[in-house]
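One-based numbering along the sequence shown. Side-chain atoms are counted along with the backbone in the values below, which use heavy atoms only and exclude waters and symmetry mates. Quick caveat: nothing in here was measured; it's all calculated off a predicted structure. Counting starts at 1 for both ligands and their atoms, following the listed order.
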Amino acid sequence: MLLPSYIEARKRTKSTVEKEDYYIDSSFKEIGTGKKYYIKTYGCQMNEHDSENIKAILEELGFTESKSYYEADLVLLNTCSIRENAHNKAFGMLGRLKHMKQLNKNLIVGLCGCMAQEESVVNEITEKYRWIDFVFGTHNIHRLPYVLKDRLSSGNQKIEVYSKEGNIVEGMPVKRENHYKAYVNIMYGCDKFCTYCIVPYTRGKQRSRNKDDILNEVLNLVENGYQEVTLLGQNVNAYGKDFSYSYNLENLLEDVAKTGIARIRFMTSHPWDFTDGMIAVIKKYDNIMPNIHLPVQSGSSKILKLMGRRYTKEEYIDLFNKIKLIPNVSVSTDIIVGFPSETDSDFKETLDLVDYCKFDNAFTFIFSPRIGTPAAKLKDETSLIEKENRLHILNERVNKYFLENNKKMIGKKVKVLVDGISDKKGMIYGYTETNKLINFSGSPDLIGKIVQVEVTNAKTWSLDGKLC
Ligand code: 5AD
Ligand code: SF4
């Protein structure tokens with residue numbers, strides 16, 4: 001058993017990042033023959049992309065995908081730790097799986113992702129969830145064949161979670177669900193240690209993928225007809241900071257733009273590392289989408305300081321104003337309410353900031369204390385009712401601006417990458433360059449293509465349009 005350790009996970013040394021190539025021995029390749037797997041993914045795009053790797057690994061072992069967990073021989077939960085409710089969802093699902101396992105003794109159940117990196121979760125699994133067959137962490141996805149084989153041959157619960165700072169594994173297979181939009185990891189981990197956030201503990205040290213590995217992956221996607229890549233990382237603006245040579249997100253965006261891929265997105269950005277050079281490159285290339293996700297978290301400099309965000313409200317606004325000079329740009333954000341010691345007047349500053357920035361989209365949350373993070377130890381006197389009230393007021397405010405911004409689009413012609421069939425008959429939907437959802441009448445043959453659409457109507461979370 002290799003259990004997670006927060007003491008180890010918190011460490012950041014100067015040690016160089018280990019690079020490994022994915023390899024599995026041919027003797028593993030029949031573990032899953034005739035068996036089906038089902039993966040339930042919680043959380044962010046990083047987890048979704050990890051699941052694409054996990055699916056491909058399982059298929060190399062002979063498993064085939066099942067669309068329902070009722071029919072599966074192996075069920076794997078790829079979990080998220082970011083807030084309490086993500087935890088609750090995964091534990092709720094475990095309750096259902098326990099019942100299924102009582103009915104079918106051969107069912108294999110595994111847990112991976114961020115919760116697997118949490119000491120308290122894994123302790124609970126070893127004590128109260130002995131029936132879970134195996135657990136592996138975010139640093140050792142490539143070890144899944146070994147973990148599974150060990151579990152099957154020994155019959156014992158197998159737990160293998162690394163808490164070292166993290167490695168980079170190249171050459172893992174990937175089963176992409178989408179054939180025109182792809183996620184590409186450019187970096188892993190985070191060194192920002194915002195005081196509320198569990199990610200630096202669950203995902204390890206900030207480490208950037210080699211530029212050539214990224215560019216080769218993008219070129220391969222272009223050759224295979226992909227239209228859009230989203231460059232992924234917990235804090236993509238810090239890309240390259242761990243290199244011994246000078247190469248950063250500005251350089252990478254430019255090189256990816258030159259591959260000719262139709263659309264480039266990137267997320268998530270931390271305001272601290274956003275440079276003027278990056279803004280210039282986004283302006284320069286039409287295929288870098290003018291849509292920036294720039295989490296602010298709070299409009300109060302006092303709370304930002306307690307959050308360890310390393311910028312003040314004024315500094316955020318300065319950066320926001322520079323970004324708004326990118327033609328036709330849309331800006332979205334994340335906001336936390338109810339952080340310990342947030343007063344009514346701190347919250348009002350958040351509302352004022354929203355009034356100033358008029359975000360195109362915002363993800364809003366109530367602070368959720370995460371065991372092991374500094375903010376979880378802060379005294380918190382605000383009641384849950386008050387926090388819910390703040391969230392409600394905030395949501396009304398951000399929604400007002402979503403609608404206002406969307407209304408400004410009416411009559412404009414926009415480029416849309418068609419994504420799928422809408423619930424309404426005869427309608428399809430896609431996303432504009434600024435990442436707005438738009439529904440319009442059209443043939444499903446257009447899915448995966450970029451078309452021109454005129455915006456005819458605006459709602460809070462979507463637009464309507466017609467092909468033109
Ligand atoms: N409580 C509430 N929200 C959180 N986030 C991260 N950690 C927490 C937490 N402990 C939010 C932040 C971040 C987004 C991905 O999730 O707003 O930007
Ligand atoms: Fe978490 Fe993002 Fe802060 Fe990193 S930058 S600690 S991922 S909120």
Side-chain angles (χ1 to χ4, degrees), residues 6 9-10 12 42-48 79-89 113-115 117-118 120 138 165-166 185-208 232-239 241-242 249 266-274 292-300 303-311 316 319 331-342 347 350 353-354 359 361-378 380 382 384 387-388 390-391 394-395 398:
Y6 265 7
R10 205 176 284 136
R12 292 295 185 268
Y42 300 89
C44 65
Q45 290 84 353
M46 192 67 87
N47 258 18
E48 277 176 41
T79 59
C80 167
S81 305
I82 200 92
R83 282 171 295 275
E84 180 75 34
N85 59 354
H87 256 223
N88 295 346
K89 279 189 205 156
C114 288
M115 279 169 66
Q117 296 291 148
E118 287 187 72
S120 54
T138 58
E165 293 169 285
N185 276 326
I186 63 166
M187 60 183 303
Y188 304 93
C190 180
D191 288 352
K192 283 284 176 287
F193 286 98
C194 300
T195 58
Y196 52 82
C197 186
I198 193 89
V199 168
Y201 308 84
T202 60
R203 292 273 169 180
K205 166 163 139 172
Q206 183 174 291
R207 49 214 196 274
S208 306
L232 282 184
Q234 309 296 344
N235 170 17
V236 289
N237 301 64
Y239 174 79
K241 288 201 160 185
D242 49 320
L249 185 67
F266 54 96
M267 67 187 313
T268 287
S269 295
H270 186 295
W272 174 259
D273 297 303
F274 217 116
I292 312 290
H293 187 62
L294 194 70
V296 63
Q297 313 298 2
S298 170
S300 150
I303 296 294
L304 288 170
K305 190 153 195 232
L306 288 172
M307 287 176 161
R309 291 291 288 177
R310 310 174 194 208
Y311 54 84
Y316 182 90
L319 175 62
V331 181
S332 57
T333 200
D334 292 341
I335 301 173
I336 298 175
V337 297
F339 190 81
S341 87
E342 182 189 70
F347 176 59
T350 298
L353 183 117
V354 167
F359 295 107
N361 203 355
F363 300 90
T364 56
F365 314 102
I366 292 180
F367 167 70
S368 172
R370 310 315 298 132
I371 299 173
T373 61
K377 297 189 196 96
L378 294 176
D380 186 6
T382 314
L384 182 60
K387 290 180 185 182
E388 283 171 348
R390 285 183 194 165
L391 185 68
L394 177 64
N395 283 343
V398 291

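- Per-residue contacts place F365 under 4.0 angstrom from the following atoms of ligand 1 (heavy atoms of the residue considered): 3 (N), 11 (C), 14 (C), 16 (O), 17 (O).
- When each atom of ligand 1 is checked for a heavy atom of R370 under 4.0 Å away, the hits are 10 (N).
- Within the 4.5 Å cutoff, side-chain heavy atoms of V236 are placed close to those of S269.
- Using modelled atom types and a 3.5 Å distance limit, the side chains of D334 and H293 yield a donor-acceptor pair.
- The two residues L294 and T333 make their nearest non-hydrogen contact at O-OG1, 2.8 Å.
- Below 4.0 Å from some heavy atom of I82 lie the following atoms of ligand 1, by number and element: 5 (N), 6 (C), 7 (N), 8 (C), 9 (C), 10 (N), 16 (O).
- The six-membered or imidazole ring of F367 lies away from that of Y196, with a centre-to-centre distance of 6.0 Å or more.
- Nearest to atom 1 (N) of ligand 1 among the protein's heavy atoms is S368 N, 2.9 Å.
- Rounded to the nearest 0.5 angstrom, F193 CZ and Q206 CD are separated by 10.0 Å.
- Contact check for Q297 versus C194: no side-chain heavy atoms found under the 4.5 Å cut-off.
- For atom 3 (Fe) of ligand 2, the neighbouring protein N/O/S atoms at less than 2.8 Å, given as residue and atom, are C194 SG.
- Looking from atom 2 (C) of ligand 1 to the surrounding protein, the closest heavy atom is I366 O, 3.4 Å.
- Counting non-hydrogen atoms of other residues, nucleotides and ligands closer than 6.0 Å to NZ of K377 gives a total above 12.
- In this structure, atom 14 (C) of ligand 1 lies nearest to the protein heavy atom D334 OD2, 3.5 Å.
- At the shortest separation from atom 8 (S) of ligand 2 among protein heavy atoms lies Y196 OH, 3.4 Å.
- Between R309 and P295, some side-chain heavy-atom pair lies under the 4.5 Å cut-off.
- Atom 17 (O) of ligand 1 has its closest protein heavy atom at Q297 OE1, 2.6 Å.
- Residues R310 and K192 have side chains in contact (heavy-atom distance under 4.5 Å, counting atoms from C-beta outward).
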Residues T364, V337; criterion side chain to side chain contact (heavy atoms under 4.5 Å, CB included); working and verdict: CA-CA 8 Å; T364 56; V337 297; over 6 Å; no
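- Nearest protein heavy-atom contact of atom 7 (N) of ligand 1 is Y196 CD1, 3.3 Å.
- Ionic pairing of K241 and D273 is present here: one or more N-O contacts between side-chain nitrogen and carboxylate oxygen are shorter than 4.0 angstrom.
- Considering all non-hydrogen atoms of both residues, I366 and E388 come closest at CD1-CG, 3.7 Å.
- The ligand atoms of ligand 1 that sit less than 4.0 angstrom from a heavy atom of F367 are 1 (N), 2 (C).
- At a heavy-atom cutoff of 4.0 Å, ligand 1 is contacted by the side chain of I336 but not by its backbone.
- An N or O contact shorter than 3.5 Å links R83 to ligand 1 by distance.
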